Engineer: 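Quick one: structure below, then a few questions.
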Amino acid sequence: RKEVEQDPGPFNVPEGATVAFNCTYSNSASQSFFWYRQDCRKEPKLLMSVYSSGNEDGRFTAQLNRASQYISLLIRDSKLSDSATYLCVVYFYNQGGKLIFGQGTELSVKP
Amino acid sequence: ETGVTQTPRHLVMGMTNKKSLKCEQHLGHNAMYWYKQSAKKPLELMFVYSLEERVENNSVPSRFSPECPNSSHLFLHLHTLQPEDSALYLCASSQDRQSNTGELFFGEGSRLTVL
């Protein structure tokens, strides 16, 4: 089983749509969780951290479910500029402090 | 403009060549990393340097040889590579190595093609 697993997509949605991505992780001792964004042929950049109580940043909402070992990212009112690959990242403290990346979920927002 | 710069951006090399990738960070960070990104695969951590000392080597073949002469610079020396080594090589830095803040600052990557 992969340590961090995501649906690779692609997700093709129209502008204005709401889209959700899920990510599962295998190690229940995982401590911290993040979403990164990677535009085509560019480097990954931190989008947002994921807090236990859930958190929101504008149109983006991140949720964590420790019991089921998954995190989610919800994007409301999708924009063309949201087209990118979204990477789920988990910090494993018991592996010497290591960030493990999922393979990413590709999102394409169409006019 | 990114605080982490990588050169070259693109590199094509034969299996018998020797080349090097260079990374420079202007952020005053203490930790630097090399990652490999292949199509449809997760980023793979290759090497970690903390305060110029290599602290992690994730079973990377010896044909990849890292060098960290100071806290701002990181190199990846390449020799006798295989076609399956073709990938995007990303350099990253963070304030400190064992940080659960999760924030890595990546360079734009060096896209390597091995013929």
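If you're wondering where the values come from, they're calculated on a predicted model, not measured in any experiment. Every chain is numbered from 1, with letters handed out A, B, ... down the list of sequences.
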Engineer: Indicate whether any N or O donor in one side chain lies under 3.5 Å from an N or O acceptor in the other, for A:Q38 and B:Q37.
Structural biologist: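 A donor-acceptor contact under 3.5 Å links the two side chains.
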Engineer: Does the side chain of A:R41 come within less than 4.5 Å of B:R111's, by heavy atoms?
Structural biologist: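 Of all side-chain heavy-atom pairs linking A:R41 with B:R111, at least one is under 4.5 Å.
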Engineer: Starting at CD1 of A:I100, measure out to CG of B:L45 and round the result to the nearest 0.5 Å.
Structural biologist: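 Answer for the CD1-CG pair, A:I100 versus B:L45, is 7.5 Å.
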Engineer: Would you say A:V13 and A:L80 are hydrophobically clustered, going by side-chain heavy atoms of ILVMFWY under 4.5 Å?
Structural biologist: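 Yes, it is one cluster - the side chains of A:V13 and A:L80 are joined through contacts under 4.5 Å.
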Engineer: Does B:L90 share a hydrophobic cluster with B:F47, counting links as ILVMFWY side-chain heavy atoms below 4.5 Å and allowing steps through other members?
Structural biologist: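 No, B:L90 does not connect to B:F47 through the hydrophobic network.
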Engineer: With a 4.5 angstrom heavy-atom cut-off, is it the side chain or the backbone of B:K40 that approaches chain A, or both, or neither?
Structural biologist: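 Interface part for B:K40: both.
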Engineer: Could you have a look at A:Q103, A:K42, A:K2 and say which one has the most heavy-atom pairs with chain B under 4.5 angstrom?
Structural biologist: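 Looking at each of A:Q103, A:K42, A:K2 in turn, A:Q103 comes out on top.
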Engineer: Quick check for you: to the nearest 0.5 Å, what is the distance between B:L88 atom CG and A:E43 atom CD?
Structural biologist: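 Rounded to the nearest 0.5 Å, the CG-CD separation comes out at 9.5 Å.
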Engineer: Find out if a path of hydrophobic residues (ILVMFWY) with successive side-chain heavy-atom gaps under 4.5 Å connects B:F106 to B:M32.
Structural biologist: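 B:F106 does not cluster with B:M32.
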Engineer: What part of A:P8 gets within 4.5 angstrom of chain B, counting heavy atoms only: side chain, backbone, both, or neither?
Structural biologist: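 Neither part, no heavy atoms under 4.5 Å.
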Engineer: Applying a strict under-4.5 Å side-chain criterion to I, L, V, M, F, W and Y, I'd like to know whether B:L78 and B:M15 cluster together.
Structural biologist: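 Yes: a chain of side-chain contacts under 4.5 Å links B:L78 to B:M15.
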Engineer: If you round to the nearest 0.5 Å, how far is OH of B:Y35 from CZ of A:F101?
Structural biologist: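 Atom-to-atom, A:F101:CZ and B:Y35:OH are 4.5 Å apart.
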Engineer: Can you tell which part of B:L43 gets under 4.5 Å to a heavy atom of chain A, answering side chain, backbone, both or neither?
Structural biologist: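 Contact with chain A: backbone and side chain both.
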Engineer: Should A:Y86 and A:L74 be counted in the same cluster of Ile, Leu, Val, Met, Phe, Trp and Tyr side chains packed under 4.5 Å apart?
Structural biologist: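 They do not share one cluster, since no chain of ILVMFWY contacts under 4.5 Å joins A:Y86 to A:L74.
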Engineer: Verify the neighbour count for atom CD of B:Q82: are there more than 12 heavy atoms of other residues, nucleotides or ligands below 6.0 Å?
Structural biologist: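 Result for CD/B:Q82: enclosed.
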Engineer: Taking atom CZ of A:F60 as the centre, report whether more than 12 heavy atoms of other residues, nucleotides or ligands fall under 6.0 Å from it.
Structural biologist: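 For A:F60, atom CZ is crowded (more than 12 foreign heavy atoms under 6.0 Å).
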Engineer: With a 4.5 angstrom heavy-atom cut-off, is it the side chain or the backbone of A:Q6 that approaches chain B, or both, or neither?
Structural biologist: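 For A:Q6, there is no contact with chain B at all, as no heavy atom is under 4.5 Å.
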Engineer: Would you check if A:L99 and B:L104 make a side-chain contact, meaning some heavy-atom pair closer than 4.5 Å?
Structural biologist: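 Heavy-atom side-chain distance check passes, below 4.5 Å.
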Engineer: Report which part of A:Y36 has an atom under 4.5 Å of a heavy atom belonging to chain B: side chain, backbone, both, or neither.
Structural biologist: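 Contact with chain B is through the side chain of A:Y36 alone.
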